[in-house]
Amino acid sequence: QVQLVESGGGSVQAGGSLRLSCAASKYTYSFYCMAWFRQAPGKGREGVASIDSDGITKYADSVKGRFTISKYNTQNTLYLQMNSLKPEDTAMYYCAAEPSYSGSWCYDVSPPQFPDWGQGTQVTVSS
């Protein structure tokens, strides 16, 4: 099992930026897929972005052009750079890891395919 610890959340005004970090307890260079999800109150968990072992990324339409996912294997850390934040980005953000291929493609970004999750970090964007 992989331990994941998120950080970097906070409160910002619309148009601002935040960078989320996710520190993994194991070497991330071999992970098949890592991703960021978010969950707003009363809503389901939404896939925000994913990155596979080849560095191929996938983004939800709602964040394309504003968010960037990256993975620094030497630091075993996953990042999510969030720019031009909007009030609708307000949510708890979770990091997830799929160390080995489980039958779903990384770009599917489906919660059941990820066995390892962090505890979440809150992002609040005010208008």
Side-chain angles (χ1 to χ4, degrees):
Q1 189 174 5
V2 180
Q3 273 70 54
L4 302 169
V5 179
E6 302 98 333
S7 61
S11 297
V12 296
Q13 290 190 327
S17 298
L18 284 173
R19 188 176 80 156
L20 305 183
S21 300
C22 172
S25 62
K26 295 185 178 180
Y27 296 122
T28 58
Y29 72 93
S30 63
F31 285 7
Y32 168 67
C33 184
M34 295 191 76
W36 287 98
F37 289 80
R38 66 186 180 187
Q39 188 166 17
K43 295 188 176 181
R45 193 161 292 191
E46 173 192 20
V48 175
S50 67
I51 184 167
D52 71 10
S53 55
D54 292 326
I56 297 173
T57 58
K58 171 75 181 300
Y59 296 92
D61 288 343
S62 58
V63 306
K64 277 182 184 176
R66 300 188 298 121
F67 291 11
T68 303
I69 188 171
S70 58
K71 184 160 64 88
Y72 286 82
N73 292 323
T74 55
Q75 301 171 358
N76 297 328
T77 303
L78 180 73
Y79 295 100
L80 184 69
Q81 178 66 44
M82 305 186 295
N83 299 327
S84 302
L85 282 161
K86 305 176 180 180
E88 50 264 43
D89 295 318
T90 295
M92 184 71 79
Y93 283 72
Y94 298 90
C95 169
E98 183 186 8
S100 302
Y101 176 67
S102 61
S104 297
W105 297 114
C106 187
Y107 55 71
D108 287 336
V109 203
S110 174
Q113 77 187 84
F114 294 90
D116 301 304
W117 292 82
Q119 81 290 348
T121 186
Q122 178 67 38
V123 171
T124 303
V125 185
S126 58
S127 57

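Note that the structure is predicted; figures quoted are calculated from it, not measured.
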query: When clusters are formed by joining ILVMFWY residues with side-chain heavy atoms under 4.5 Å apart, either directly or through shared neighbours, do F114 and L80 land in the same one?
result: no

message: Measuring from atom NZ of K71 to atom OG of S53, what distance do you get when rounded to the nearest 0.5 angstrom?
response: 7.0 Å

- request: Please list, chain by chain and in numerical order, all residues satisfying side-chain hydrogen bond (donor to acceptor under 3.5 Å, both in side chains) with Q3, sequence neighbours excluded.
  value: none

message: So does Q75 get a backbone contact from the side chain of T77, meaning a donor-acceptor N/O pair under 3.5 Å?
response: yes

field: Spatial distance of atom CG (N76) from atom OG1 (T74) [nearest 0.5 Å]
entry: 8.0 Å

- prompt: Hey, does the side chain of E6 reach the backbone of Q119 with a donor-acceptor pair shorter than 3.5 angstrom?
  reply: yes

query: Is I69 reachable from M82 through a run of hydrophobic residues whose side-chain heavy atoms are each under 4.5 Å from the next?
result: yes

statement: Residue pairs passing the disulfide (SG to SG under 2.5 Å) test with at least one member in residues 49-81, sequence neighbours excluded, are none

statement: Scanning both residues in full, the closest heavy-atom pair of A14 with S127 reads CB-CA, 4.3 Å

In a table with atom names and distances, give each donor-acceptor pair under 3.5 Å that connects a side chain of residues 88-96 to protein atoms at least two apart or in another chain.
{"residue": "D89", "atom": "OD1", "partner": "R38", "partner atom": "NH1", "Å": "2.9"}
{"residue": "D89", "atom": "OD1", "partner": "R66", "partner atom": "NH2", "Å": "3.0"}
{"residue": "D89", "atom": "OD2", "partner": "R66", "partner atom": "NH1", "Å": "2.8"}
{"residue": "D89", "atom": "OD2", "partner": "R66", "partner atom": "NH2", "Å": "3.4"}
{"residue": "D89", "atom": "OD2", "partner": "K86", "partner atom": "N", "Å": "2.8"}
{"residue": "T90", "atom": "OG1", "partner": "P87", "partner atom": "O", "Å": "2.9"}
{"residue": "T90", "atom": "OG1", "partner": "V125", "partner atom": "N", "Å": "2.9"}
{"residue": "T90", "atom": "OG1", "partner": "V125", "partner atom": "O", "Å": "3.4"}
{"residue": "Y93", "atom": "OH", "partner": "R38", "partner atom": "NH1", "Å": "2.9"}
{"residue": "Y93", "atom": "OH", "partner": "D89", "partner atom": "O", "Å": "2.6"}

query: Residues two or more places apart in sequence or in another chain: which of them pass salt bridge (charged side-chain N to carboxylate O under 4.0 Å, His left out) with D61?
result: K64

- line: So disulfide (SG to SG under 2.5 Å) across residues 37-74, not counting sequence neighbours, yields none

- request: Find the distance between CG (D116) and CZ (F31) and round it off to the nearest 0.5 Å.
  value: 7.0 Å

statement: Residues pairing under disulfide (SG to SG under 2.5 Å) where one sits in residues 42-81, two or more places apart or in two chains, turn out to be none

task: For L4 and A24, work out which heavy atoms get closest and say how close.
output: CD2-CB, 3.7 Å

message: My understanding is that only residues two or more places apart in sequence, or in another chain, count here; which of them pass ring-ring contact (aromatic ring centres under 6.0 Å, His included) with Y101?
response: Y32, W105

message: Less than 4.5 Å apart, side chain to side chain, heavy atoms only: is that true for V123 and L20?
response: yes

- prompt: Out of curiosity, does Y107 fall in the hydrophobic cluster containing M34 (side-chain heavy atoms, cut-off under 4.5 Å, transitive links)?
  reply: no

query: Where is the tightest heavy-atom contact between V109 and A49, given as atom of each residue plus distance?
result: CG1-O, 4.4 Å

- line: Those residues at least two apart in sequence (or on a different chain) that pass side-chain hydrogen bond (donor to acceptor under 3.5 Å, both in side chains) with S102 are E98

query: Distance-only, no hydrogens or angles: does the W36 side chain make a donor-acceptor pair with backbone N or O of Y79 under 3.5 Å?
result: yes

- line: Sorted by chain and number, sequence neighbours left out, side-chain hydrogen bond (donor to acceptor under 3.5 Å, both in side chains) with S7 holds for none

- prompt: Any side chain to side chain donor-acceptor pair (under 3.5 Å) pairs touching residues 11-25, not counting sequence neighbours?
  reply: S17-N83

message: Measuring only between side-chain heavy atoms, which start at C-beta, is V2 closer than 4.5 Å to P99?
response: yes

- request: Can you tell me which residue pairs pass the ring-ring contact (aromatic ring centres under 6.0 Å, His included) test with a partner in residues 38-70, sequence neighbours excluded?
  value: none

statement: With sequence neighbours left out, the residues meeting side-chain hydrogen bond (donor to acceptor under 3.5 Å, both in side chains) with T28 are N73

Under 3.5 Å: donor-acceptor pair, side chain of D52, backbone of D54: yes

query: How close do F37 and S110 get, heavy atom to heavy atom, and via which atoms?
result: CZ-C, 4.1 Å

